[in-house]
Amino acid sequence: MDRPLPGSAHEALEAFLGQWSGTTQWEATAWGPARAAAAEVVFARAAAGLAVTMSYRHTGADGAKTEGVGVFTMDPDHPDTLWYHVNSMGLPPEAPARASWHDGTLTIERRSDRGTARHTLRVENGQLTHSAGLRLGSASDFSPFMTTVCRRVPEPAPVAA
């Protein structure tokens with residue numbers, strides 16, 4: 001098979017495809033102070049369009065790097081997008097998180113024994129925004145944790161032969 005199927009992940013995530021560059025800002029938490037890092041994010045088609053990968057790298061002012069990769073695919077039995085995710089923070093990969101679309105925003109909730117992380121991703125006016133909030137323990141509300149804001153990196157012009 002060399003063509004995406006209707007309803008495939010790349011159709012839902014078409015606006016995200018490409019390379020992005022910007023900044024990530026983390027809020028102060030029990031795990032560390034507020035900080036910022038340069039962000040590089042790439043969304044690409046995979047598996048004949050049945051999946052979209054999201055790879056990212058954050059580089060802090062001190063040179064420290066964190067990175068991760070996610071795979072988005074569609075649930076053939078439900079109108080949901082699934083997100084498989086692993087990062088360099090050292091925790092084992094979790095089961096896929098279910099994501100839903102509302103007014104152009106993809107919202108993902110990842111639940112674990114540690115709590116719930118809610119991610120939102122949106123492309124609007126040429127800007128990719130990825131925000132995350134945490135709800136830990138018995139908290140009823142999400143606390144802002146991270147916001148990444150990027151602009152698309154223009155593709156290089158073809159070289160004339």
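Values below: all heavy atoms of this structure, side chains included; hydrogens, waters and symmetry mates excluded.
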Taking C-beta and beyond as the side chain, do [X] and [Y] meet within less than 4.5 Å on heavy atoms?
X	Y	answer
Glu109	Phe142	yes
Val123	Phe43	no
Trp83	Arg110	yes

Under a side-chain separation threshold of 4.5 Å, the hydrophobic residues clustered together with Val69 are Val86
Remaining members of Val71's ILVMFWY cluster at a side-chain heavy-atom cut-off under 4.5 Å?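 Grouped by the 4.5 Å side-chain rule, Leu82, Tyr84 form the rest of the cluster around Val71.
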Working note: Met54 + Leu121, criterion side chain to side chain contact (heavy atoms under 4.5 Å, CB included); need CA distance, chi angles, decisive distance, verdict. CA-CA 11 Å; Met54 171 192 174; Leu121 293 106; 4.2 Å; yes
With rounding to the nearest 0.5 Å, note down the distance linking [atom1] in [X] to [atom2] in [Y].
X	Y	atom1	atom2	result
Phe72	Thr53	CZ	OG1	9.5 Å
Glu27	Phe145	CD	CZ	9.5 Å
Ser55	Gln19	OG	CD	9.0 Å

Listing, residues 101-108 side-chain donor-acceptor contacts under 3.5 Å, not counting sequence neighbours, or none:
residue : atom : partner : partner atom : Å
Trp101  : NE1  : Thr81   : OG1          : 3.2
Thr105  : OG1  : Arg122  : NH1          : 2.7

If the plane angle is over 60° it's perpendicular, under 30° parallel, otherwise tilted; pick one for His85 and Tyr56. parallel
Contact list for residues 129-153, test salt bridge (charged side-chain N to carboxylate O under 4.0 Å, His left out), sequence neighbours left out: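 Non-adjacent pairs meeting salt bridge (charged side-chain N to carboxylate O under 4.0 Å, His left out): zero.
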Thr148 meets the side-chain hydrogen bond (donor to acceptor under 3.5 Å, both in side chains) criterion, sequence neighbours left out, with Thr24
Verify, without hydrogens or angle tests, whether Thr73 (side chain) and Leu50 (backbone) share a donor-acceptor contact under 3.5 angstrom.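 Between the backbone of Leu50 and the side chain of Thr73 there is a qualifying donor-acceptor contact (under 3.5 Å).
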What's the shortest heavy-atom distance between Gly22 and Cys150, and which atoms?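 Taking Gly22 first and Cys150 second, the nearest heavy atoms are N-SG, 3.6 Å.
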How close do Gly126 and Trp20 get, heavy atom to heavy atom, and via which atoms?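 Looks like O-CZ3, 3.7 Å.
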For residues Val153 and Leu128: do they belong to one hydrophobic cluster (side chain heavy atoms under 4.5 Å, members Ile, Leu, Val, Met, Phe, Trp, Tyr)?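 Hydrophobic grouping puts Val153 apart from Leu128.
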Step by step, would you call Glu14 with Arg45 a salt bridge (Lys or Arg N to Asp or Glu O under 4.0 Å)? CA-CA 9 Å; Glu14 186 75 28; Arg45 289 182 185 95; 3.1 Å; yes
Suppose the criterion is side chain to side chain donor-acceptor pair (under 3.5 Å): which pairs have a residue in residues 59-70, not counting sequence neighbours? Arg57-Glu67, His58-Thr66
